[in-house]
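Just below is one structure, and these are the notes that go with it.
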2 protein chains.
Amino acid sequence: MGTEPALLPRRTPRVRGLALRDHLWLTSPAVDTHRHQAERRSRMVTSRDVARVAGVSQSTVSYVMSGRRSISAETRRRVEAAIEQLTYQPNAGARALASQRTQVIGLVVPFAPGADPAGLLPFIETIASCARAEDHDVLLVTADEGSSGLTRLAGRRLCDAIVMMDIGAEDARIPVAATLDVPVILIGVPDDSSGLQCVDVDFALAGRLAVAELAAAGHDRVVLIGYTAEVVERDINFVRRFQGGAADAAAELGLGHEVVAPVASGRAGAEDAVRRALELGGDRPGLVVPNSHVVPHVAQALLDRGLVLGRDVSLVGLCTDAAALACTPAVTNVSLEPRDVSRRAMQTLFQLLDRTAEPPSELVELVTPRLTRRETTLPAP
Amino acid sequence: MGTEPALLPRRTPRVRGLALRDHLWLTSPAVDTHRHQAERRSRMVTSRDVARVAGVSQSTVSYVMSGRRSISAETRRRVEAAIEQLTYQPNAGARALASQRTQVIGLVVPFAPGADPAGLLPFIETIASCARAEDHDVLLVTADEGSSGLTRLAGRRLCDAIVMMDIGAEDARIPVAATLDVPVILIGVPDDSSGLQCVDVDFALAGRLAVAELAAAGHDRVVLIGYTAEVVERDINFVRRFQGGAADAAAELGLGHEVVAPVASGRAGAEDAVRRALELGGDRPGLVVPNSHVVPHVAQALLDRGLVLGRDVSLVGLCTDAAALACTPAVTNVSLEPRDVSRRAMQTLFQLLDRTAEPPSELVELVTPRLTRRETTLPAP
DNA sequence: TTGAAAGCGCTAACAC
DNA sequence: GTGTTAGCGCTTTCAA
């Protein structure tokens, strides 16, 4: 370390107000508490400052941080000490401008109408944490912006990649997304993905698992209590896929198979659905309820009728484990595992972003759901 | 318009791959669908391109977009036409670097432990939409990053301001937040806000309103069914404020006042709480339940005991209108109105960001809650 | 009312 | 292994 390295004269005179920066003493960042919010921001600590303190060039600082060049131990030590001392943090805008990478992931969340609100958070949470694990941040865009949100994210170079949730079967945003020059990952599977990566639960398999469990519980008739009109209208593909899988399994296993749909939301809707299901389902029906919100209401409605779950009637929910456990009795469920889906999506995303890695081989990745037997199904003797 | 303006020779030869850009024909942005995700991003359309097409200087384009300089009608028309034609969008990083403003709001959300998950979304949603209304975006940071999330947001110049939710009474992030050189808005009120702007519901008033309603319903004894141990442990200030307001009002109105707390979560917890409340509350108690999750369970527990709500016992919830309406019967409630709080916070934020406006006069802004009489209280004759 | 050009803070090519 | 420097695309002076 030793003496302050000779300062290089600026190539050109500065015009801005910060022209004096090279002559200022380097002070530690603002620590005066209780100052007023409106006070102007302090001067940034730049990588030039770090370079000067460490007695190296600015590019060396950059290379120490990025690891894209081999650095001697001594130099690295000095640079890291200077970074520490100055609490240097790189300016994100400058970095993005120079490197063409923002370290930001755009996340399009379905806030708008009809979407399941509570179920959203595990997705967002997991996506955010996966992003942070790779030193990326998450920029939130709400779905009500539609396609313009996408073009803004890409056009303004606000992010390096986009994750889009709640994909409709014929989602108007897909063709737009396909023209963007950033990778887009869909959580959900549209009819035509236009070459975009998709990640979702294998809903067809989920349907099969649910029906198989009911067969194992000795039922010869299954009733699928369908989605609410809202969900069906939004035409999310998984409804069809789940019902298809359930129907296929029922056919293969030789079970009777009925669908009660659409179902009105809320307690009353569930009660009505249960009534209809029991009419259709014979004396000992197996029920499948593919909707987190509806599961507890259906369970309650069955209890209210004096039925013993797991004996008089079996129930398999398609819902998170948490929702299944929150019911009394705990409901046998096929888990949606939003965290797994999100994690998988982010894996794929970073694979796409990593130019050294080869792109994912599958365009549509389906996460295998898991059935957990709890108190509402019993294997037949 | 007319002829292409003479291009100024670049001051220096270009070294990078894009050196040829000035000689390229301007093509419309990529429209070839179905190309593979991994394909490299196309060249950006820059404000220089717009300037060339419009036959003006780059600075004129900038001034047309920012409106910070008067522009002749004809020039404006040409520039806007060029922007349209090229579907130009400004590069966010470059803009941030040059202007020292990112047009991004950092949002610290309490994903980590114990926080109410579903109640979060209205906040996030409203904050995002207010931000968009001012052409800002929202960068999500999860609370589990703690203070380092804050220093990163500010240090890397990732955002112009920070909104922080779920503030504990003695929140360790507050002193850190106070040293940042971006404005920070707290949603919630800590014991010591260190000069930071706070926005929250007036929980003391909420408590008073609830008790006053029960007094009007002819009760002479109110029982407050307290928060779960979880919430109390997190030491969020509003618990104290709400209970204080309720206690004050009860004293002023000469009502008996009891608290049942903490309450175990879930159905069983609510049943137990109701049992205790009825023991304490005499023959015709007025109940206050300050927790969205607990309200429906308490209502159910009362119904299960054959009590008629609004006659044998009154119930006032502290919860969103949606939660109150979802109960049967609909619960009289003091609304938390997360949307109002968020909107107010964002108003304050943009006021802080607008250097021409004067800063807000109040450091702590309390949003007035609203009581809506529904089916679980009846005014005494 | 407009244009020229400096420079925001960083990365990465090029040189040694 | 390290330094020099051009330039990323924008805003904003300064000059006219």
Side-chain angles (χ1 to χ4, degrees), chain A residues 5-6 8-19 21-22 43-51 54-76 78-79 88-103 155-157, chain B residues 5-19 21-22 43-52 54-76 78-79 88-103 155-157:
Chain A
L8 304 162
R10 292 286 299 173
R11 279 160 278 150
T12 51
R14 302 282 188 99
V15 253
R16 295 262 178 103
L18 297 179
R21 63 188 308 162
D22 288 344
R43 179 175 89 71
M44 222 187 154
V45 176
T46 72
S47 63
R48 290 189 80 232
D49 299 325
V50 175
V56 298
S57 74
Q58 197 180 16
S59 64
T60 296
V61 176
S62 175
Y63 286 120
V64 165
M65 297 198 73
S66 70
R68 297 165 103 85
R69 186 194 245 189
S70 55
I71 301 280
S72 74
E74 167 60 10
T75 300
R76 151 162 288 119
R78 292 218 313 270
V79 170
Y88 166 70
Q89 304 208 225
N91 180 303
R95 175 177 277 190
L97 182 57
S99 68
Q100 312 272 54
R101 305 177 94 288
T102 59
Q103 309 275 102
R156 295 192 175 186
R157 295 288 195 263
Chain B
L7 292 185
L8 303 162
R10 295 284 300 173
R11 279 160 277 152
T12 51
R14 303 279 189 100
V15 251
R16 294 256 180 108
L18 296 180
R21 64 188 309 163
D22 287 345
R43 180 175 89 70
M44 227 189 147
V45 176
T46 71
S47 64
R48 290 187 81 233
D49 300 325
V50 174
R52 196 178 316 120
V56 298
S57 73
Q58 197 181 20
S59 63
T60 297
V61 175
S62 176
Y63 285 121
V64 166
M65 298 198 71
S66 71
R68 296 165 104 83
R69 184 195 247 189
S70 54
I71 301 281
S72 74
E74 168 60 10
T75 300
R76 152 162 288 120
R78 291 217 315 267
V79 170
Y88 166 71
Q89 304 208 227
N91 180 303
R95 176 178 277 192
L97 182 57
S99 68
Q100 311 273 54
R101 306 179 94 283
T102 59
Q103 309 275 101
R156 295 193 175 185
R157 295 289 195 262

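Bear in mind that the values here come from a model prediction, so they are computed numbers and not experimental data. Sequence lines set the chain letters: A, B, ... in the order given, protein chains first and strands last, and positions in each chain run from 1. These numbers come from the heavy atoms of this one structure, side chains and all, not from hydrogens, waters or symmetry mates.
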* To do: Could you pull out all residues at least two apart from B/Ala94 that satisfy side-chain contact (heavy atoms from CB on, under 4.5 Å)?
  => A/Leu97, B/Asn91
* To do: To the nearest Å, give me how far apart CG (A/Asn91) and P (D/dG9) are.
  => 16 Å
* Figure out the CD/P separation between A/Gln89 and C/dC10, and round it to whole Å. => 11 Å
* Between CD of B/Gln58 and CZ of B/Arg52, what distance do you get to the nearest 0.5 Å? -> 10.0 Å
* Structure fact -> Assign each of A/Gln58 and B/Thr60 the nucleotide of DNA chain C bearing its closest heavy atom; nearer the 5' end lies the nucleotide of B/Thr60
* Can you find a side chain N or O atom of B/Ser62 that sits less than 4.0 Å from OP1 or OP2 on D/dT11? -> yes
* For C/dG3, take OP1 and OP2 only and decide whether either is under 4.0 Å from a side-chain N or O of B/Ser57. => yes
* **Presence of B/Thr46 side-chain N/O under 4.0 Å of D/dC8 phosphate oxygens OP1/OP2** => no
* To do: Give every residue pair that meets the salt bridge (charged side-chain N to carboxylate O under 4.0 Å, His left out) criterion with at least one member in residues 61-71 of chain B, sequence neighbours excluded.
  => none
* A/Arg157 CZ - C/dT11 C1' separation (whole Å) -> 17 Å
* In chain order, what residues pass the side-chain hydrogen bond (donor to acceptor under 3.5 Å, both in side chains) check against B/Gln103, with sequence neighbours excluded? -> B/Arg101
* Just how far, in rounded Å, is C1' of C/dA12 from CD of A/Gln100? -> 12 Å
* Those residues that, when tested against B/Arg95, pass side-chain contact (heavy atoms from CB on, under 4.5 Å) (two or more places apart) -> B/Met65, B/Pro90, B/Ser99
* Asked: Taking only N and O in the side chain of A/Ser59, is any of them less than 4.0 Å away from OP1 or OP2 of C/dT11?
  -> no
* To do: To the nearest Å, give me how far apart CG (A/Leu97) and C1' (C/dC8) are.
  => 9 Å
* B/Arg78 CZ to C/dT2 C1': how many Å, rounded? -> 11 Å
* Could you tell me which residues satisfy side-chain contact (heavy atoms from CB on, under 4.5 Å) with A/Ser57, sequence neighbours excluded, listed by chain and number? => A/Ser59, A/Thr60
* Asked: How close or far is atom P of C/dC8 from atom CZ of B/Arg156, stated in whole angstroms?
  -> 21 Å
* Taking side chain as C-beta onward, heavy atoms only, is B/Tyr88 less than 4.5 Å from B/Asp49? -> no
* To do: Kindly state which residues belonging to residues 63-73 of chain B come within less than 4.0 angstrom of DNA chain C, counting heavy atoms of the residue only, listed by number.
  => B/Arg69, B/Ser70, B/Ile71, B/Ser72
